[in-house]
There are 2 protein chains.
Amino acid sequence: MVREGSPAKRAAIVRAALKVFLAEGYARAGVDAIAAEAGVSKRTIYDYYGDKERLFLAAIAETRAGHEQGFEALLQETIDDVTDLEDALFRFGRVFATEVAKSAERTEILRLMIAEAAHFPRLLADRPTRTALADRLEALHRRGLLDVPDPVEAAEFLGVLVTGPVQNRSWYGAVPLDQDEIDHLVRSGVRIFLAAYGR
Amino acid sequence: MVREGSPAKRAAIVRAALKVFLAEGYARAGVDAIAAEAGVSKRTIYDYYGDKERLFLAAIAETRAGHEQGFEALLQETIDDVTDLEDALFRFGRVFATEVAKSAERTEILRLMIAEAAHFPRLLADRPTRTALADRLEALHRRGLLDVPDPVEAAEFLGVLVTGPVQNRSWYGAVPLDQDEIDHLVRSGVRIFLAAYGR
DNA sequence: GCGCTACTACACTGCACGGTGTAGTGTGCT
DNA sequence: AGCACACTACACCGTGCAGTGTAGTAGCGC
């Protein structure tokens with residue numbers, strides 16, 4: 001008995017669900033709390049999504065799709081049409097790492113996915129952001145600005161260099177870091193990347 | 001009414017608790033299941049540890065202490081008394097990354113800590129393994145084998161370079177990787193590190 | 001044997017929570 | 001007005017589970 005309902009209400013439910021799941025984790029999160037947060041009756045949630053599990057998966061999928069778009073936009077505005085390569089990579093990494101360290105939705109969702117990976121195998125999809133980044137690195141390689149024989153691997157390392165230390169020190173967003181520390185770590189990460197992959 | 005009991009029984013309980021917590025996560029894990037796994041009555045668990053939360057924290061602390069010792073031993077047998085630096089770092093990274101990628105206890109516990117970080121702030125202690133690694137890098141710096149002005153930061157990056165891609169691709173141990181892929185990623189990570197910090 | 005301690009087996013309480021059923025209300029369409 | 005539909009409010013069921021209380025047993029020192 002799944003009602004399709006209005007897109008606005010679906011969005012409200014999914015947003016509320018994400019918030020509660022992120023704060024509590026899947027098992028602790030209560031559907032009553034989600035309903036209250038969404039300003040919707042519990043019954044409506046069940047009419048829309050059937051059960052808690054489907055609601056969870058929908059919330060994750062919806063949000064991840066938004067993140068991919070944001071990531072694509074960030075790539076366009078920092079790495080495409082680059083003049084100063086180090087600066088471009090730094091600006092890219094800065095935004096990315098700052099999201100990570102500020103207990104932002106992005107990292108929390110990663111944390112949630114890691115936590116629930118064993119219980120929801122469907123969460124372990126591919127990682128489109130890495131391939132999007134790899135495409136850019138390959139383009140920079142063709143333009144002679146980088147020496148990147150394996151763009152996918154290089155994208156993996158760039159991502160790790162730029163976000164890894166920030167993730168570790170912030171415990172995946174659970175402890176906030178100040179911007180100076182983030183900037184410093186990102187700067188160092190970019191330098192390391194260029195030392196290895198620069199011309 | 002906390003009984004101190006026998007060390008052997010405490011160990012059995014903690015081991016069983018860890019197993020169930022790792023498999024199920026904190027909220028889903030049932031004390032009955034832990035009791036069954038430990039071959040002990042539920043009542044005994046409560047007599048020993050008081051409540052589920054304390055049992056959880058004890059299980060984490062106990063296991064982490066063991067890991068620190070193991071890490072220290074690994075450092076000694078790979079990085080101390082080094083002749084071929086790249087090879088030494090590779091051997092170090094290989095063991096470390098393999099643990100990570102094989103869904104081993106070590107990563108699962110990290111995953112669990114990440115998942116529960118928000119609910120158990122006491123889990124977010126310092127990270128003694130990083131400082132242990134930093135000490136070694138500083139020694140290599142003094143011996144003129146590396147150029148490491150900030151050993152703590154360098155240790156952060158070495159750790160990230162060696163384990164990051166493996167963690168990402170294996171979804172923190174949820175998906176096993178084959179040894180060739182691990183070796184390749186570790187090799188690349190070490191080369192990047194040396195490109196940035198080598199003499 | 002006696003007493004003490006550690007432990008088990010098990011029944012039980014209280015509660016939180018997933019999920020359902022239903023009566024009633026608001027809104028918009030014809 | 002009358003109908004259809006979306007939604008809410010709320011009561012309700014079943015269950016799983018943290019935590020407790022207790023009676024009984026096995027072992028051990030004396």
Side-chain angles (χ1 to χ4, degrees), chain A residues 1-62 112 115-116 118-120 122-123, chain B residues 1-61 112 115-116 118-123:
Chain A
M1 184 87 49
V2 176
R3 207 194 308 152
E4 77 276 24
S6 76
K9 203 146 263 185
R10 284 198 105 83
I13 293 172
V14 147
R15 208 178 318 124
L18 189 74
K19 181 173 174 184
V20 178
F21 282 133
L22 289 181
E24 302 294 332
Y26 178 81
R28 267 182 269 244
V31 178
D32 290 289
I34 294 171
E37 175 72 31
V40 149
S41 81
K42 181 161 73 158
R43 203 63 187 78
T44 299
I45 291 187
Y46 279 96
D47 284 345
Y48 271 60
Y49 288 97
D51 62 18
K52 189 185 178 184
E53 194 169 319
R54 267 189 290 234
L55 174 60
F56 176 70
L57 292 171
I60 298 278
E62 203 115 330
L112 185 58
E116 299 297 335
H119 297 281
F120 296 93
R122 292 170 54 190
L123 292 180
Chain B
M1 188 81 50
V2 175
R3 207 192 312 152
E4 78 275 26
S6 75
K9 205 147 260 184
R10 283 199 107 82
I13 293 172
V14 146
R15 207 177 320 123
L18 189 76
K19 180 173 175 184
V20 177
F21 282 132
L22 289 181
E24 301 294 332
Y26 178 81
R28 268 181 268 243
V31 179
D32 289 290
I34 295 171
E37 176 72 30
V40 148
S41 82
K42 180 160 74 157
R43 204 64 189 76
T44 298
I45 291 187
Y46 279 95
D47 284 344
Y48 271 59
Y49 289 96
D51 61 18
K52 188 184 178 185
E53 193 169 317
R54 268 188 291 236
L55 174 59
F56 177 69
L57 292 171
I60 298 279
L112 185 58
E116 299 298 334
H119 297 280
F120 296 92
R122 293 170 53 189
L123 292 181

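Reckoned from all heavy atoms, side chains included, excluding hydrogens, waters and symmetry mates. Below, read A as the first sequence line, B as the second, and so on, with proteins coming before strands; counting in each chain starts at 1.
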Which pairs, protein N/O on one side and nucleotides 15-19 of chain D N/O on the other, fall under 3.5 Å?
{"from": "dA18(D)", "atom 1": "OP1", "to": "A29(B)", "atom 2": "O", "distance (Å)": "2.9"}
{"from": "dA18(D)", "atom 1": "OP1", "to": "K52(B)", "atom 2": "NZ", "distance (Å)": "3.1"}
{"from": "dA18(D)", "atom 1": "OP2", "to": "V31(B)", "atom 2": "N", "distance (Å)": "2.9"}
{"from": "dG19(D)", "atom 1": "OP2", "to": "Y46(B)", "atom 2": "OH", "distance (Å)": "3.3"}
{"from": "dG19(D)", "atom 1": "OP2", "to": "K52(B)", "atom 2": "N", "distance (Å)": "3.0"}
{"from": "dG19(D)", "atom 1": "N7", "to": "K42(B)", "atom 2": "NZ", "distance (Å)": "2.9"}
{"from": "dG19(D)", "atom 1": "O6", "to": "K42(B)", "atom 2": "NZ", "distance (Å)": "2.9"}

Detail all sub-3.5 Å separations between protein N/O atoms and N/O atoms belonging to nucleotides 24-26 of chain C.
none

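On a pure distance criterion of 3.5 Å, a polar donor-acceptor pair joins the side chain of R43(B) and the base of dG21(D).
With rounding to the nearest 0.5 Å, the separation of CD1 in I60(A) from CG in L112(A) is 4.5 Å. The distance from atom CZ of R122(A) to atom CZ of F56(A), rounded to the nearest 0.5 Å, is 11.0 Å. Here the straight-line distance linking atom OG1 of T44(B) with atom OH of Y49(B) works out to 12.0 Å at 0.5 Å rounding.
Stacking of R54(B) on the aromatic ring of Y48(B) is not recorded, the 6.0 Å distance cut-off and the 45° axial limit not both being met. In this structure, K52(B) forms no cation-pi arrangement with F21(B), as its terminal cationic atom is not both closer than 6.0 Å to the ring centre and no more than 45° off the ring axis.
Using a 4.0 Å cut-off between a side-chain N of Lys or Arg and a carboxylate O of Asp or Glu, E116(B) and R28(A) qualify as a salt bridge.
Under the rule for a side-chain hydrogen bond (donor to acceptor under 3.5 Å, both in side chains), K9(A) has no partner lying at least two apart in sequence or in another chain.
You'll find that the side chain of S41(A) is closest to dT8(D), out of dT8(D), dT8(C), dC7(D).
A straight line from CD of E24(A) to P of dA16(C) spans 14 Å, rounded to a whole angstrom. Rounded to an integer number of Å, the gap from K9(A) NZ to dA6(D) P is 11 Å. Atom CZ in F56(A) sits about 13 Å away from atom P in dG18(C), given to the nearest Å. Nucleotide dA6(D) holds its P atom 17 Å from the CD1 atom of I45(A), rounded to whole Å.
The shortest distance between side-chain heavy atoms of R10(A) and E62(A) does not fall below 4.5 Å.
For the OP1/OP2 pair of dC7(D) and a distance below 4.0 Å, the side-chain nitrogens and oxygens of Y48(A) include at least one atom meeting the criterion.
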